[in-house]
Structure formats: C-alpha cells, structure tokens
Amino acid sequence: MSSSTANTLHGENFAVLDELLRDCCIELMADYGLPATQADVGLETATGVAVAAVDFSGRDVRGTIGLRMTSSVVLQTYRAALGRSIELDSPEAKDWSCELANQLIGRLKNKLRSYEVSFNVNSPRWLQIFPVAELERALRRRFICDGGNFSGYLDVLIAPGFVFVPRASDAPLAQEGDLVLF
Amino acid sequence: MPKKVLIIDDSSSVRRQLSVALGNAGFVVLEAADGVDGADQIRAETDLALVICDVNMPRLSGLDMLERLQDEIARRQLPVVMLTTEGQPEAMTRAKKWGAKGWIVKPFKEQLLLGAVQKLTQ
C-alpha cells in the first residue's frame with residue numbers, strides 16, 4: 001500500500017469515528033433531557049468539571065474514550081435519572097460521571113457493530129486531573145447545552161490496513177432503552 | 001409478602017436508580033457491586049424472586065457469573081435480566097443460553113423495566 005493510500009484510509013477511518021463520537025455524545029445527553037449543540041470554541045478552561053474515561057481493546061481498534069463535563073451537566077443528568085440532587089464533589093457524582101462514560105462507550109460499541117468492529121470494555125475511571133497530554137492527540141467533539149458544556153474524546157489506535165466499511169447486519173441489535181424478553 | 005430482587009451493578013448510581021424504582025413498586029431490594037458478590041448473594045438468598053445483572057463489572061462479569069450459576073439458576077427457576085450499555089446479539093445469545101430471561105440496554109425506561117419485573121415475578 002502506498003503512503004498516500006494509507007493516509008487516505010487513515011483519514012476516512014477517523015472521519016467515521018469522529019462522526020460516531022459526535023452522534024453518541026448528542027444521543028447520550030438527549031436521553032437525559034439535555035439537548036446539545038456542537039461548539040467550535042475551546043471549552044477546556046472551564047472550572048468545576050468532571051472527567052471520566054473508559055479503556056477498550058479489540059482486534060481492530062483499541063484506545064480510550066473520555067467525557068469531560070461541567071458540573072451542571074453531571075448534576076442535571078443525575079437529577080433526570082434519579083430525581084434528586086447531589087454535590088459535584090460527592091462520591092455519587094464521581095460514580096455518575098463514570099456511568100455516563102460507560103454509556104458513551106456502550107453507544108459507540110453498538111454503532112461500530114455495523115462496521116463489524118467489536119472490543120472489550122474496561123471499567124470506567126474517574127480522573128482527578130484533566131489529562132491534557134493523553135487526550136491532546138484524540139478526536140474531540142465539544143458541545144454546549146442548557147447551563148453547561150461537555151466534550152467527548154476518542155483516543156484510538158486502528159489496526160494497520162483496517163478500513164471502516166458499513167456492512168449489513170444479519171441479527172437485530174438491541175438499541176438503548178430497549179427491553180428484550182427471551 | 002414482598003418479593004425480593006437482587007441488583008448486581010458496579011455503579012452505585014444505577015443500583016440506587018433501580019433500588020428506588022423497585023422499592024416504590026413494593027419490592028425488597030438487595031444490592032451487589034460485582035459478579036463475585038452477586039454470585040455469593042444468589043447462593044445465600046434462597047428466596048430471591050428476580051436478579052437484575054450488569055454485564056461489564058470488575059472481578060467477575062455478569063455473563064461469566066451467569067455461566068457459573070446456570071445450573072442453580074435453572075434449578076431454582078430464578079429469572080435473571082441483564083442490564084447493560086451493549087446490545088450485541090452474540091452476548092444476548094450467550095445470556096439466553098445460560099438462563100437469562102431478558103436483556104435491557106441502558107439507559108432503561110423505568111415503566112418498561114417495572115413491567116418486565118412484574119411479569120417475570122408473577
């Protein structure tokens with residue numbers, strides 16, 4: 001494979017992932033009553049933020065997905081899910097931030113199934129410090145929503161030669177919110 | 001007599017969310033934070049009416065726990081519902097093979113979940 005072909009494939013792969021990351025972020029927050037719009041400006045200077053990340057690894061891809069949220073995003077989504085308020089510094093807020101990151105990687109995994117990509121997911125981790133160096137090279141999508149903002153990050157390594165091509169699925173996939181009884 | 005439901009999930013937020021919903025519906029709720037603790041409680045609590053179990057958890061995953069306990073779950077006719085962020089048919093097929101009665105993809109809809117719990121505990 002020539003280097004220009006490899007670069008084209010590389011760019012196309014990351015374009016697919018970038019779009020999926022955007023969709024996953026918007027859908028995740030919408031499910032908790034927070035419609036979001038994409039922001040072009042840098043939001044990393046905001047204070048009072050929570051950051052959670054999840055590592056994943058599979059045959060074709062491995063990496064880390066991250067979710068950085070201002071306090072209002074954590075608190076509003078928690079209230080939407082549990083009907084009560086919490087403090088940002090509480091263990092509940094940390095656990096909830098991790099759960100949101102967990103649901104973000106779940107959405108991405110579900111969407112990537114149509115590209116025949118699968119991976120194992122580790123337990124989410126709450127990050128005390130925003131890992132600038134770690135996430136500097138990552139795909140990043142920033143959003144603003146009612147009263148706050150959030151960013152989704154995807155730091156991913158793709159197996160050499162692998163190309164994201166959508167394929168017809170033979171088995172139905174359960175979607176977020178679905179209940180299937182056997 | 002209120003029916004007893006065991007929730008197995010490493011997220012305390014999800015456990016609380018389920019616990020409040022099921023408690024308000026009249027169930028007695030027990031909690032476990034991973035598959036090892038969950039398996040211990042399933043063995044110890046012989047009058048459980050239902051188990052709701054996450055898939056990705058530290059120490060022992062929900063599917064691995066299900067595989068280990070499949071004979072006991074079948075013998076006791078204990079309904080197990082998996083609750084996870086993933087909707088992969090392969091994982092659902094494995095869960096069904098090892099005795100699970102349902103699969104819910106997070107975030108769950110409370111009324112849908114309560115309806116399934118009521119149905120499976122009748």
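Here is how names work: the chains are called A, B, and so on, in the same order as the sequence lines, proteins then strands, and each is numbered from 1.
By the 6.0 Å contact criterion, NZ on K96(B) is open, its count of non-hydrogen atoms from other residues, nucleotides or ligands being 12 or less. Environment of CZ in R59(A): sparse, with no more than 12 heavy atoms of neighbouring residues, nucleotides or ligands closer than 6.0 Å. Within a 6.0 Å radius of CZ in R22(A), more than 12 heavy atoms belonging to other residues, nucleotides or ligands are found. Taking a 6.0 Å sphere around NZ of K101(B), one finds it holds 12 or fewer heavy atoms contributed by other residues, nucleotides or ligands.
Cluster annotation: F162(A) and L139(A) are assigned to the same hydrophobic cluster (Ile/Leu/Val/Met/Phe/Trp/Tyr, side-chain heavy-atom contacts under 4.5 Å, transitive). Cluster membership check: V54(A) shares its hydrophobic cluster with F56(A), using side-chain heavy-atom separations under 4.5 Å among Ile, Leu, Val, Met, Phe, Trp and Tyr. Residues V121(A) and W96(A) fall within the same hydrophobic cluster, defined by Ile, Leu, Val, Met, Phe, Trp and Tyr side chains chained together at heavy-atom separations under 4.5 Å. Y32(A) and F108(B) fall into different hydrophobic clusters, defined by Ile, Leu, Val, Met, Phe, Trp and Tyr side-chain heavy atoms under 4.5 Å apart, directly or through other members. Residues L113(B) and V51(B) are members of separate hydrophobic clusters, defined by side-chain heavy-atom contacts under 4.5 angstrom among Ile, Leu, Val, Met, Phe, Trp and Tyr.
Across every non-hydrogen atom of G87(B) and N110(A), the tightest pair is N-OD1, 2.9 Å. Closest approach of S123(A) to M57(B), counting heavy atoms only: OG-C, 4.4 Å. Taking all atoms of both residues into account, the shortest heavy-atom contact from A116(B) to L179(A) is CB-CD1, 3.4 Å. For the pair F182(A) and M92(B), the tightest heavy-atom approach, listed with the atom from each and the gap, is CZ-O, 3.8 Å.
By the 4.5 Å heavy-atom criterion applied to side chains, E176(A) and K106(B) are not counted as neighbours.
Residue contact with chain A, scored on non-hydrogen atoms closer than 4.5 Å, involves the side chain of E90(B) exclusively. Residue contact with chain B, scored on non-hydrogen atoms closer than 4.5 Å, involves the side chain of D31(A) exclusively.
Scanning residues 62-86 of chain B against chain A with a 4.5 Å non-hydrogen threshold yields T85(B), E86(B), sorted by number. Using non-hydrogen atoms only and a strict 4.5 Å limit, the part of residues 7-22 of chain B facing chain A consists of D10(B), S11(B), S12(B), S13(B), V14(B), R16(B), Q17(B).
For the options A100(B), G115(B), A95(B), heavy-atom pairs under 4.5 Å to chain A are most numerous at A100(B).
The structure places CG of D178(A) at 10.5 Å from CD1 of I104(B), a figure rounded to the nearest 0.5 Å.
Every pair tested for salt bridge (charged side-chain N to carboxylate O under 4.0 Å, His left out) that includes a residue from residues 112-122 of chain B fails, sequence neighbours excluded, so the list is empty.
A search for side chain to side chain donor-acceptor pair (under 3.5 Å) contacts involving R59(B) returns D34(B), not counting sequence neighbours.
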